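Here is the structure we will look at, set down as structure tokens.
Predicted model only: the values in this text are computed from it and were never measured. Side chains are part of it too, since the values below use all heavy atoms of this structure and drop only hydrogens, waters and symmetry mates. Chain naming here is simple, since letters A, B, ... match the order of the sequence lines and numbering starts at 1 in each.
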Amino acid sequence: GAVVSQHPSWVICKSGTSVKIECRSLDFQATTMFWYRQFPKQSLMLMATSNEGSKATYEQGVEKDKFLINHASLTLSTLTVTSAHPEDSSFYICSVPARVGETQYFGPGTRLLVL
Amino acid sequence: QKEVEQNSGPLSVPEGAIASLNCTYSDRVSQSFFWYRQYSGKSPELIMSIYSNGDKEDGRFTAQLNKASQYVSLLIRDSQPSDSATYLCAANSGGGADGLTFGKGTHLIIQP
């Protein structure tokens, strides 16, 4: 069964609106979750590390004020794309590291299209 | 800067043959390596993980790691059309604290 869920699976929004994406760890508690972004025909790029109870850590070049991350509980992290623009259209995927070892399990992804 | 390099392909292999996928990484600190399979429009699914030098076998899949050469490979035996996908090589520094650095992926096509 699924280890990680994401909601919504896809979203279409107008430019300038904000979009919230949820990532839930279904099988175990996660103090850390990761958010990736994948543009068409490109690989996954790590955007940020979501930390339960503390601020997220952002990768170089990722605007923390645009991509707001909240790790509200040990099973839920949210990514909010604020004032979305067409260039933010992408496939957003979260992952959760396994309790044992370093294996990461990926959610099914959220496809965002900003018109 | 951490980098993971893969040949983007496409790599075309006849059904039943062995598919060989290769990957190199630049960060010597990397301790953990992963192969993910990604079908078009879907998120990656884990195929193999490998942490120490040598071979690791799981069914039709064999991962190979050579830390001295900073090289990781994946062999798929008895290739099936359902194996056609993009295969992503990924590395992290171990411990689960770091996100993964992915290669661009190799597009594998298994010809019936």
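- In this structure, A:Val114 is a member of the same hydrophobic cluster as A:Met47, with clusters built from ILVMFWY side-chain heavy atoms closer than 4.5 Å.
- Taken together through direct or relayed side-chain contacts under 4.5 Å among Ile, Leu, Val, Met, Phe, Trp and Tyr, A:Leu79 and A:Tyr58 form part of one hydrophobic cluster.
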Distance-only criterion, 3.5 Å: show the donor-acceptor pairs between side-chain atoms of residues 38-45 of chain B and protein atoms not counting sequence neighbours.
unit_1	atom_1	unit_2	atom_2	d
B:Gln38	OE1	A:Gln38	NE2	3.0
B:Gln38	NE2	A:Gln38	OE1	2.8
B:Gln38	NE2	B:Lys42	O	2.7
B:Tyr39	OH	B:Arg37	NE	3.4
B:Tyr39	OH	B:Ser82	O	2.7
B:Ser43	OG	A:Gly107	O	2.7
B:Glu45	OE2	B:Arg37	NE	3.3
B:Glu45	OE2	B:Arg37	NH2	3.4

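- A 4.5 Å side-chain heavy-atom check between B:Leu100 and A:Tyr36 finds at least one atom pair inside the cut-off.
- Counting non-hydrogen atoms of neighbouring residues, nucleotides and ligands closer than 6.0 angstrom, the NZ atom of A:Lys20 reaches no more than 12 such neighbours.
- Distance OH/B:Tyr51 to OG1/A:Thr103: 3.5 Å, rounded to 0.5 Å.
- Under the 4.5 Å side-chain contact rule for hydrophobic residues, A:Phe91 and A:Ile21 do not share a cluster.
- Following chains of ILVMFWY side-chain contacts shorter than 4.5 Å, one can reach A:Trp35 starting from A:Val11, so the two form part of one hydrophobic cluster.
- Cluster membership for B:Ile76 and B:Trp35, using ILVMFWY side-chain heavy atoms within less than 4.5 angstrom, is shared.
- Shown here is A:His85, whose NE2 atom has more than 12 heavy atoms of other residues, nucleotides or ligands within 6.0 Å.
- With rounding to the nearest 0.5 Å, the separation of CZ in A:Phe106 from CG in B:Leu88 is 8.5 Å.
- Contacts between A:Ile93 and chain B at a heavy-atom distance below 4.5 Å involve the side chain alone, from C-beta outward.
- Along residues 11-21 of chain B, no residue comes nearer than 4.5 angstrom to chain A, judged on non-hydrogen atoms.
- Every pair passing side chain to side chain donor-acceptor pair (under 3.5 Å) that includes a residue from residues 59-68 of chain A is listed here, sequence neighbours excluded: A:Lys66-A:Asp88.
- Within residues 102-112 of chain B, the residues having any heavy atom less than 4.5 Å from a heavy atom of chain A are, in residue-number order, B:Phe102, B:Gly103, B:Lys104.
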